[in-house]
Novice: 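Provided herewith is a single structure, encoded as structure tokens, for subsequent inquiry.
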Amino acid sequence: MTQPPPLRGAQSRAQILCLAGFMGSGKTTVGTLLARQLAWRFVDLDDRIQESAGLSIPQIFERFGEPAFRQIEAEQLRAALGRAMELGENTVLALGGGTYAQQGCPEFLRNAGVPVLWLDSPMETLLSRCMTMTGRPLFRDETSFRALHAQRLSSYQQADHRVDGAGEPAQVVAEILRRGLVASGGNEAHLVVEKPQS
Ligand code: S3P
């Protein structure tokens, strides 16, 4: 991936927190709630991808294939970061399940100074959430789902923070706030820099 846009002057104060995790880990739900509590903007990368392509994610996969989807995903990640930095808007950004597992993505976000929080949910939770929902082209069957999860684990483990995503969304948000990973205070909201943990 190429480098994010340069930070400029006062605009560099925008804080961005990325939520990573497998399909069904709760990135969108937790991210929405967290952003609301912090009074930050919430951006869902899957939504940005769909809006930019004018197609649903299953349609993108069907018409153009996964490599084209990954290309759009990487472009939209850069665009989302660039926009937050340009506007100076504190932002919670929910990645797609495969975003952080794309080659070069952990390094890209680290170089951009954007912390990543991994919502780590047990396989049974991921499975039960994804089995009841459509619109995930990479959810085919339990065996391939488990295999993809195993393949991506080492990527998720590179995140700056790990939080258990098994509980109710409100509890997960409370845990993120309780751990002091993000500190809020109106416009003074800022991320607390702490030692990475897996
Ligand atoms: C994907 C996960 C999806 C979406 C796309 C690909 C993946 O996001 O980006 O279907 O590769 O795991 P969610 O994790 O929000 O379902």
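Just so it is clear, the values below take in all heavy atoms, side chains as well, and ignore hydrogens, waters and symmetry mates. Just so you know, ligand 1 is whichever comes first in the structure, and atom 1 is the first atom listed for that ligand.
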Novice: Residues two or more places apart in sequence or in another chain: which of them pass side-chain hydrogen bond (donor to acceptor under 3.5 Å, both in side chains) with E51?
Specialist: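 Expected list: R48.
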Novice: Polar contacts were defined as any N/O atom of the residue lying under 3.5 Å from an N/O atom of the ligand; does this apply to L95 and ligand 1?
Specialist: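 N/O-N/O distance below 3.5 Å does not exist for this pair.
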Novice: Contact between ligand 1 and E66 is defined here as a heavy atom of the residue under 4.0 Å from a ligand atom; is it met?
Specialist: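 Checking ligand 1 against E66, which is what was asked, there is no heavy-atom contact under 4.0 Å.
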Novice: Which heavy atom of the protein is the closest neighbour of atom 2 (C) of ligand 1, given with residue, atom name and distance?
Specialist: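 Of the protein heavy atoms, G97 N, 3.4 Å lies nearest.
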Novice: Is it the case that more than 12 heavy atoms not belonging to E66 sit under 6.0 Å from its CD atom?
Specialist: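 Buried by this count: over 12 neighbours within 6.0 Å.
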Novice: Contact between F139 and ligand 1, counting heavy atoms under 4.0 Å?
Specialist: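 No, F139 has no heavy atoms under 4.0 Å from ligand 1.
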Novice: Salt bridge between R178 and E175, side-chain N to carboxylate O under 4.0 Å?
Specialist: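 Salt bridge flag = yes for E175 with R178.
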Novice: Look at ligand 1 and say whether Q50 reaches it with a heavy atom at a distance under 4.0 Å.
Specialist: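 False for this residue.
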Novice: Any N or O of K27 that comes nearer than 3.5 Å to an N or O of ligand 1?
Specialist: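 Yes: some nitrogen or oxygen of K27 is under 3.5 Å from one in ligand 1.
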Novice: Taking side chain as C-beta onward, heavy atoms only, is V114 less than 4.5 Å from M85?
Specialist: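 Side-chain contact under 4.5 Å: yes.
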Novice: Identify which of D47, D46, D44, L19 has a heavy atom lying nearest to atom 9 (O) of ligand 1.
Specialist: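 Answer by nearest heavy atom: D46.
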Novice: Among all the protein's non-hydrogen atoms, which is closest to atom 12 (O) of ligand 1, and how far away is it?
Specialist: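 That would be R152 NH1, 2.7 Å.
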Novice: Nearest non-hydrogen atom to atom 11 (O) of ligand 1 belongs to which of R70, M23, R136?
Specialist: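 Heavy atom nearest to atom 11 (O) of ligand 1 belongs to R70.
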